[in-house]
Amino acid sequence: MQKFLQHNIVQDYLRTPSAILSSLVLVAIIFCAIFAGYITNQNPFDPLQLDLMDSQIPPVWLEYGDERFIFGTDEQGRDVLAALFYGSRLSLLVGLASVLLSCFIGIGLGLAAGFFRGTTDTVVTRLADLQMTIPGLIVALMLAGVIKSQISMEMQETVMIYVVILAIGFSDWPKYARVTRSAVMIESQEDYVLAARAMGASPWYILFKHVLPNVMRSNIVIATVGLGIAIMLEATLSFLGAGVPVSTPSLGTLIRTGSNFLFAGEWWVVFFPGLMLILTVFSINILGDWLRDAMNPKLD
Amino acid sequence: MLEVNNITIDFASRRGDVRAARNVSLTVERGEILGLVGESGAGKSTIGNAVMGLLESGGAVTKGSIMFEGENLLDMDDSQMRAVRGRRISMIMQDPMTALNPVKTIADQITETISHNLGLNAKDAMQDAINWLKKMDIPNPEERIHHYPHEFSGGQRQRIVIAMALCGKPDLVIADEPTTALDVSVQAQILQLIKKLVAETNIGIILVTHNMGVVAEVTDRVAIMRYGELVEIGPTSKILSAPETDYAKMLIASVPPGDTKLHRLPVPTEDGTLPPAQAATHRDFDENDIILKVKDLSITYNPGGSMFSKSEPVRALQNLSFDLPRGASMGLVGESGSGKSTCARGIIGLTPTSGGQVYFNGHEISAMSEKQRRPLRPAMQMIFQDPYSSLNKRMSILDIIAEPIRFYGLANNRTEIEQQVVSLLERVGLNGDALKRFPHQFSGGQRQRIAVARTLASKPELIICDEPTSALDVSVQAAVLNLIKDLQDEYNLSLLFISHDLPVVRQMCDDIIVLKQGQLVEMDQTDRIFDNPQADYTKELIQLMPHMDDFKQAG
């Protein structure tokens, strides 16, 4: 259907080595995250599979290394590599879900504000302005922290992941709302909107059939960058203890527990999850940058 | 004085090099106006920019030389080029609204140029600037010079821009579409001014334009470009009356004549030959079968104002009445701000009316709610000015044309919709391959055809055309106008045709309404309006439209 568009973007992609490299890295990370259960010989979330005898083994290339644990183990005998894969699964999942939530709230409010103007616009813009005076991390920390303190330990095990998604999702919507609002205002000036009105179409018809598809492009671009930010936010929350519980560690939780052993010389417990986080977010950002350029018609 | 030898200009882009000009050679003498014409994408502005050394980033002259009084401009470094720019070669930009700095007074902007280029002290520069404004016929220049750009009208701003281009006493001026953004009456004054200045100061001018009328009016010689190549160059009178190349012939034949109404504009057939032009015959209509009746229509805008001040409402249209018989074409003519587009929007219901009635097929639609209007909607459609903006760029051609069919429920199933769309596409001269494609894959003229197909999809009786060809190139315009005429004959369509372009209106309309500032000036049959206008304003408009008739061959 959109052969031509894809064709152009594919052409551009093939000519941008940084985009190819970062997408390959991302695909590898996503693959490891999804198939973590098959490519690791241990489920790090299952206490029965952990053996305290295997604790604190350094990476395989160091003295006392064990070839079963390439990146070593932590103090509970958890394989760092396996934890890494299971952890990125959680990080990616939380990142993706929270970006979708932000998009949903932001695009919805932005559409309403830009299309109906007037009071709706004032309320949405002021709300967004207000929230943007508080850093996203503080908003997410507040939300996640308050809810976490209100629920029991047992519930935390299962519920906390949704709380984190909610917290991050609510902290990042103003960005999407602003971009959508201004894009809607520009698109509404176009003659095709007038043509639809002259046809007798209702505002809702015009909004969803004509305006929404035209504002998605800019949102896709900022959502890519937003994904990197959301993953970082999740890691930060978990590092600060307001995130997912230690029993089901995400990358942030791994870094947090690992940092306790940093001064004991067991650097690998914090180093590899940190590297993984940097690699993931960096690749996403590079890809987002490329996407922004490739989708910007002015650079054609 | 200026000799452009065989230059080739390339632009580097994300998708490889693009050649904007290929082996172009031309010369300009002192005291001469050279017209550089061509349709969009012909590379005419690129040539002008190359001479100024102001090619957009990524662009470079890869071959040839630009000799200016014996020196090759391409060999000069930046500082040498700066000494040439403004002082010896200057430029007049297209849009007077953006060419002046809004936060500086005119005095600041002109004296800056004068003292920079001529090295005069502040007092002399000011005196010089005032003299220039006088030459430009700006009233009361001693006082006006201290005003800001927004305090001047569009025409006055363009005069100021011209003054700024000339005040450094350059030898060569490049005018890039200097009158395109202006109304006809202002355009004529500016062209006269340019002509006068050339005669007085013996400078050379390259006038870049797409408008053949402007070329006929002021240029001594003309160069026609197409796809970055020079097609033909020679004295204006010779090129306009006896062009040699097929493209030049086609381009000149496509310009709608202002003196006669043709049956169809000459558009080359498939083998490249031009059919001879035929005069149109007068059409009569049944005065009792009125499809659209407008009675005392008034439209008032309220600009809103702020919390502290109530603004005066703007009266965009006042008490307009007319009858449009079935099958006829009514032209609405006027300069910007005359209320012609507002009138169209009021009739179709895009703008609320504030007084009077609109009857469509006998129903009073001005008093109806959107719901009551719905059944009448399919019969009344609108073609918009800019086909780049009137088609949703995220929708395929199939979806665009099928939208009214689906919206009004005019077909039963998918295959039926597709059949209808294909036959509509064929009707407007495109084939079914277009279905799955998107608007950006089509040229301006093709897009306007698609827009016309969408309008036809609901089988309308009345089509409101709001400047349907003013965004198109002249050869494309001719084809689209012919198409609209063909469709009108075939389906007995009634047209309300809005345009500022008098020759176009003459070709399209049976009757004409002349509007000025929301008020009716004159309403009559087209031939009578053109041949024997009654109102002074109409006379002025007709007299001011650029004529190329003097050069055209008879027949």
Side-chain angles (χ1 to χ4, degrees), chain A residues 1-16 19 117-118 121-122 183-184 186-220 289-300, chain B residues 13-16 18 58 341 344-345 347-351 368-378 380-396 398-400 403-408 435-441 447 451 454-455 457-458 460 463-464 466-467 471:
Chain A
M1 188 169 123
Q2 292 176 325
K3 217 183 222 169
F4 187 81
L5 175 97
Q6 283 170 354
H7 179 74
N8 245 343
I9 287 208
V10 168
Q11 285 294 307
D12 202 295
Y13 173 80
L14 292 176
R15 248 180 267 143
T16 319
R117 308 301 309 272
D121 188 22
T122 314
V184 168
I186 293 167
E187 294 298 330
S188 303
Q189 303 286 318
E190 297 279 312
D191 281 350
Y192 67 82
V193 170
L194 222 51
R197 277 180 58 202
M199 197 176 71
S202 69
W204 290 108
Y205 175 92
I206 295 172
L207 192 57
F208 286 105
K209 180 113 183 169
H210 285 288
V211 176
L212 183 62
N214 277 293
V215 303
M216 282 318 286
R217 176 183 278 226
S218 26
N219 277 307
I220 289 170
D289 263 359
W290 165 77
L291 205 62
R292 191 190 54 209
D293 288 351
M295 283 191 163
N296 184 354
K298 278 185 195 144
L299 289 175
D300 277 357
Chain B
S13 81
R14 275 174 86 87
R15 320 220 187 279
V18 177
S341 288
R345 288 177 186 195
I347 290 170
I348 205 160
L350 288 174
T351 302
M368 285 183 179
S369 69
E370 182 55 48
K371 207 174 166 191
Q372 290 169 308
R373 224 178 223 258
R374 178 67 62 82
L376 299 171
R377 285 266 187 207
M380 185 198 260
Q381 293 289 314
M382 185 157 175
I383 302 175
F384 291 86
Q385 173 175 0
D386 183 1
Y388 290 88
S389 147
S390 68
L391 305 179
N392 188 340
K393 51 197 175 292
R394 316 293 299 175
M395 280 163 77
S396 70
L398 171 66
D399 287 336
I400 287 172
E403 192 182 11
I405 301 177
R406 293 191 180 120
F407 190 81
Y408 299 125
L435 279 188
K436 296 273 157 59
R437 290 158 71 190
F438 286 80
H440 68 264
Q441 292 167 273
R447 288 187 206 209
R454 173 176 63 186
T455 328
S458 62
I463 297 184
I464 297 173
D466 188 0
E467 306 250 13

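In what follows, every chain begins at residue 1, and chains take the letters A, B, ... in the order their sequences are listed. The shown structure was predicted, so the numbers you read here are calculated from the model rather than taken from an experiment.
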Could you list which of residues 192-199 of chain A have a heavy atom closer than 4.5 Å to any heavy atom of chain B, in residue-number order? A/Tyr192, A/Leu194, A/Ala195, A/Arg197, A/Ala198, A/Met199
Using modelled atom types only, decide if a donor and an acceptor are shared between the side chain of B/Ser390 and the backbone of A/Asp191 within a distance under 3.5 Å. no
NZ on B/Lys371 to OG on A/Ser202, rounded to 0.5 Å: 13.0 Å
Please state whether the side chain, the backbone, both or neither of B/Leu391 comes within less than 4.5 Å of a heavy atom of chain A. backbone
Given that the side chain runs from C-beta out, which part of B/Arg437 has a heavy atom under 4.5 Å from chain A: side chain, backbone, both or neither? neither
Given the options A/Lys209, A/Glu190, A/His210, B/Asn392 meets side chain to side chain contact (heavy atoms under 4.5 Å, CB included) only with A/His210
Among pairs that include at least one residue of residues 381-393 of chain B, which meet salt bridge (charged side-chain N to carboxylate O under 4.0 Å, His left out), considering only residues two or more places apart or in two chains? A/Glu187-B/Lys393
Interface moiety of B/Arg373 toward chain A, non-hydrogen atoms closer than 4.5 Å: neither
